[in-house]
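In what follows, a single structure is set out as structure tokens and then discussed.
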Amino acid sequence: MDRLRRSKYCGDVGKEDLGNPITLMGWVQRKRDLGNLVFLSLRDRTGICQVVCSSDTYPEVHATARTIKPEYCVAIKGNVELRPEKMRNPRMKTGDIEVYAQRIDILSKSCTPPFVVEDGVEVSDAMRLRYRYLDLRRPEVQANIILRHKAAMAARRFLDENGFIEVETPVLTRSTPEGARDYLVPSRVSPGHFYALPQSPQLFKQLLMVAGFDRYYQIVRCFRDEDLRADRQPEFTQIDMETSFLDMDDILDLSEGLISSIFKETIGLELSRPFKRLEYKDAIDLYGIDKPDTRFGMLLHDVSDSVKDSEFKIFSSTVNKGGVVKAINVKAPHGLSRKDIDLLGDFVKNYGAKGIVWARLTKDGWQSPIARFLKEKERWSIENSLDFDEGDLLIFVAGNHDVVNASLGNLRVHIAERLSLATKGTYNPLWIVRFPLLEWSEEEKRLLARHHPFTSPVEEDIPMLETEPLAVRARSYDLVINGFEVGGGSIRIHSRDLQQKMFSVLGISEEEGMRKFGFLLEALDYGAPPHGGIAFGLDRLVMLLAGASSLRDVIAFPKTQKAVCPLTGAPAEVEDKQIAELGIKVIKKEG
RNA sequence: GGGGGCGUAGUUAAGUUUGGUUAUAACGCCGGCCUGUCACGCCGGAGGUCGCGAGUUCGAGUCUCGUCGCUCCCGCCA
């Protein structure tokens, strides 16, 4: 018999095919065997279509159908017929029709799958990843991967239309000491020497600007050997961009165009532009963190002035020692028990706070462990600044600025999740601009670049580089959507002198700078244009678009929290011969 | 590096607080019946290293210690 050729996808079969023979290829979702009548649900990447096999029309086809089990890969040729009125299934896209099979070819049998390949089944992540090729057959997982494809297509189209040129940069490159830990690749031909996988193509895109490409982009894999989170994978994909002769406003505008196009072309949502902007300093003051979710209120208020003379010594002494007391107002927190509030106290301990102080306003006034320590005037002042109404819950945290902001900022997000304050399907893009250029590393006892060492300081702050380096602001920007940092960038340093100065502030000697970044410094000597750019995390963007809660849901073959791939078993031991060829030695840790 | 949660048939879970006969359910799987199912139905059946190791005990899924894996978070990372 000749080979069947597909004429239609399952999800596309419709009334226009009535009476016509079609051929489908797909996987058997379910078999409903009624004896002399067998129904098969056939699935491909477009949807599911019902196939009917009856013993009195094609007995041999019916006999074959009875032997079929879930996940068999089959080809089915048959006629499309309208279903009898009462047998239509309004929940199925193809529920009005069915295919009467005239021929079934079993292309490939299947073992019993370890889990049912169907939306909504509860399977552990470990199982899903171990059998990812089966998990990826599920429509909801496939939809995420297809969404990702559409997002990448939208990005490419927008960037191409705006004059960007995609250039590939090396994956085997040189380790740069600043920033995240590198994944290293030993060189066979240069024993004892190592490549690094790029944390980002940062230096190459700057060199492309020096080379005159003017507008560069790349959808590129980046690697960072750091511990994982739900929104962090060891390898991830960036939409990486760099432009010459543009200022921050131009780059933000282009970025908004890009992000808007992606939202429009994937989920059909029109984002309102321009996106809101917040100075870094204001973000910290109002939200406590640099990636605020603005879908709900509960802003942080500094009540240090109101409590600086309080009889509640924890508050007054904190303020007098230079710390702060801040509070948030959880409006009408239905469903937060005393026990829940105690758990909030445990939550902030993650961020270094000693605990929380709470207060409720009832019709009889303040109800709080510290109510009796607060004077009328102090309570009144707090009530006013926090809009404290009957039924509300205030939560205070006292401590140094960083601890209080981190604690309340993260607590605010935590409570919002707990009380479902953020509307699903809402997207609040927000620019955070002018981050501090530098930060102090307690571990290394030196200044580090907060973004990376090539970030340009704000012009008027340059004189402070030597006097008050921590106050210097960067010409940098992050795009935050719903509390996720989805992108970030900066205007770069394009003067060799300033770059040299930056290295010296970072404690990188001229000799070391030349050795590690000499190629960039040299390039800056050959007519480097003013330039700047940004990179967006494609995985995180798609995660938001998909409404997923983990990056694993939008990556075809993700890794576990230990950076292991349960499907392939990577990373794995290699042959001694391979190790020997590389001129390296494995030191086994004794257990 | 640190803290929390989880680990029991193929899968998902109950049982662990308070140790006690043969470890329970659903789905899946196997056999049989069934011509309008679509989470098909009905009848019957098989299926267990309670993650692993040690300890306490007359007796451990249950208690203790260790260990491994998955996960969420802090540190780390932009």
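Nothing here was measured: the structure is a model prediction, and the numbers come from that model. Each chain gets a letter, A, B and so on, in the order the sequences are listed, and its residues count up from 1.
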Numerically ordered, the residues 31-39 of chain A set in heavy-atom contact under 4.0 Å with RNA chain B is Arg32(A), Asp33(A), Leu34(A), Gly35(A), Asn36(A), Leu37(A), Phe39(A)
Contact check, residues 119-134 of chain A vs RNA chain B, heavy-atom distance under 4.0 Å, returns Glu122(A), Val123(A), Ser124(A), Met127(A)
Find every protein N or O atom lying less than 3.5 Å from an N or O atom of nucleotides 24-30 of chain B, and list the pairs.
| from | atom 1 | to | atom 2 | distance (Å) |
| --- | --- | --- | --- | --- |
| rC30(B) | OP1 | Lys69(A) | NZ | 3.3 |

Return the set of residues passing salt bridge (charged side-chain N to carboxylate O under 4.0 Å, His left out) with [X] (not counting sequence neighbours), or none when no residue passes.
X: Arg138(A); result: Asp135(A), Glu140(A)
X: Glu444(A); result: Arg446(A)
X: Lys291(A); result: none
X: Asp342(A); result: none

Nucleotide by nucleotide, nucleotides 73-78 of chain B touches protein heavy atoms under 4.0 Å in the pattern (B base, S sugar-phosphate only, - none) SBBBBB
Listed by chain and number, what are the ring pair (Phe, Tyr, Trp, His ring centres under 6.0 Å) partners of [X], not counting sequence neighbours?
X: Tyr351(A); value: Phe347(A)
X: Phe517(A); value: Phe454(A), Phe503(A)
X: His401(A); value: none
X: Tyr287(A); value: none

Indicate whether OP1 or OP2 belonging to rG69(B) is found under 4.0 Å from a side-chain N or O atom of Lys562(A). yes
